There are 2 protein chains.
Amino acid sequence: MAKRERGTLSRAEIVKVALEVAEADGAEALTFRRLGPALGVAPTAVLRHFRDKDELLLAIGAQLLEHALSEVDTDEPDWRKRIMSLARASRRAFVTHPRVAALVATRTLRQEAEFRTVELIIGALEQAGLHGRAAASMYRAVADTILAWTAFEANVHAVGLDVMDRDGLAWTREYVVLPADRYPHIRNVAEHLSDVNREDQFELALELILDAVEMRAKPI
Amino acid sequence: MAKRERGTLSRAEIVKVALEVAEADGAEALTFRRLGPALGVAPTAVLRHFRDKDELLLAIGAQLLEHALSEVDTDEPDWRKRIMSLARASRRAFVTHPRVAALVATRTLRQEAEFRTVELIIGALEQAGLHGRAAASMYRAVADTILAWTAFEANVHAVGLDVMDRDGLAWTREYVVLPADRYPHIRNVAEHLSDVNREDQFELALELILDAVEMRAKPI
DNA sequence: ACCTGAACACCGTTCAAGT
DNA sequence: ACCTGAACACCGTTCAAGT
């Protein structure tokens, strides 16, 4: 706990160290009392830069989204690829920091990074041929699906890391041994349930929605 | 805090009162220390029926899903309607108890109610014409989308109730005033953004996916 | 202006003791 | 067998005091 010179603490550094702490020891370790020492400072010093814990979490979320956005190729001419690129980048950023992501994914961040995300999606949909009300409506369906899936995955990951021992890894195994007379449909596909991983499902769900977007934009 | 006779405390009653407490005072009020008095019992007495708080939350989640399932018309012959009915019932159950739902939605509950849900969805997909690996894969896409959206909405609701003052209700208002030169696409549809509500989006996103399911099951 | 240290009002969980 | 009460090891946040 080397003491540091006064005035050298910044919001940026706090966010960075907070991510490290959460990554290393879990979201429940992300407390002011641990964060202080990790920064070489008293626990309450952080409160001089963030009004409360919620404001800190919001800043962390913004940072995550910022990083995801920086990886998106905004010059990609194909609108579907642009949306998929954004979706994958978001997923990657959140799954990399699942414990923090779970805490912030559902917050409206209301910051630069979020506005740019919205702009990107609406632009893609307009290119696809949707405008006005239809574009607004579809934007919410697409954006919220990406966000919902991303948040969901982050949560599952975070919980998975925390209670893996209790819940067990192979949940699909339980489905295989269910009584066939009461669960005939499950039995039919049980052997395939463990093959599918969540990343594939995320891609599939999104592709399904974009298929439908395309159909509605340019009806046959 | 009328004392109660010994041996009258049950898991069922604890779950019921826990839901009431959370509903009334928020998820952060769902503590053993408040739950005890609400049950007319010492705070630690609850720990005789649930190993820890996580086990209590799991039981609450199971109860929510159970209730949702009881409202689904499983005899409905149209597979699309059956899935939509399940989705709406889940949404309703979770949005009714957003603060608790947010805490439990991402847990694999691994209980009776969950198995029946899976059985229902796979049965619907088989009726649609999907089998084996394709059915398993699509089941995950559909089920996880319902779950992700439901969890997401519950979270948004819960956060909304908790930090409504700070975040403000009319987030869409901020989008209307964004500089048009930097966000031209947003500006194009800004006036329509506030029209769409989340329930419509949930329905839309699901219909989009089911459209695509139908297309893949019976290709043109 | 920025940071510290003590204090306040909480948590979940354990455990010896009561009935 | 079931419940209580005290105790332990934590939280976020406030606030007077230091530099």
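Everything quoted here is computed from the prediction, not taken from an experiment. So you know, we letter chains A, B, ... as the sequences are listed, proteins then strands, and number each from 1.
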### Query
Just by protein heavy atoms under 4.0 Å, how would nucleotides 12-19 of chain D read 5' to 3' in B, S and -?
BBB----B

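- Residues meeting the salt bridge (charged side-chain N to carboxylate O under 4.0 Å, His left out) test with A/Arg11, sequence neighbours left out: A/Glu55.
- A straight line from CZ of B/Arg11 to C1' of D/dA1 spans 17 Å, rounded to a whole angstrom.
- In this structure, A/Ile14 places its CD1 atom 8 Å from P of C/dC3, rounding to the nearest Å.
- Counting only distance, with no hydrogens or angles, the side chain of B/Thr150 and the backbone of B/Ile146 share a donor-acceptor pair below 3.5 Å.
- Counting heavy atoms from C-beta outward, B/Leu210 and A/Leu208 have side chains that stay 4.5 Å or more apart.
- Phosphate proximity of D/dC2 to B/His49: absent, as no side-chain N or O sits under 4.0 Å from OP1 or OP2.
- Listed by chain and residue number, A/Asp73, A/Asp78, A/Lys81, A/Arg82 satisfy the side chain to side chain contact (heavy atoms under 4.5 Å, CB included) test with A/Glu76 (two or more places apart in sequence, or in another chain).
- Between the side chain of A/Arg187 and the backbone N or O of A/Pro179 there is no donor-acceptor pair closer than 3.5 Å.
- Partners of A/Arg182 under the salt bridge (charged side-chain N to carboxylate O under 4.0 Å, His left out) rule, at least two apart in sequence or in another chain, are B/Glu112.
- Atom CG of A/Leu39 and atom P of C/dC2 are 16 Å apart (whole Å).
- Stem list for DNA chain D (at least 3 consecutive Watson-Crick or G-U pairs, distances under 3.5 Å): C:4-8 with D:12-16, C:12-16 with D:4-8.
- Look at the P atom in both C/dA9 and D/dA9: the space between them is 22 Å, to the nearest Å.
- The closest donor-acceptor contact from the side chain of A/His67 to the backbone of A/Ala93 lies at 3.5 Å or more, if one exists at all.
- Scanning for salt bridge (charged side-chain N to carboxylate O under 4.0 Å, His left out) contacts around B/Asp200 gives an empty result, with sequence neighbours left out.
- Between the C1' atom of C/dC3 and the CG atom of A/Leu35 lies a distance of 15 Å, rounded to the nearest Å.
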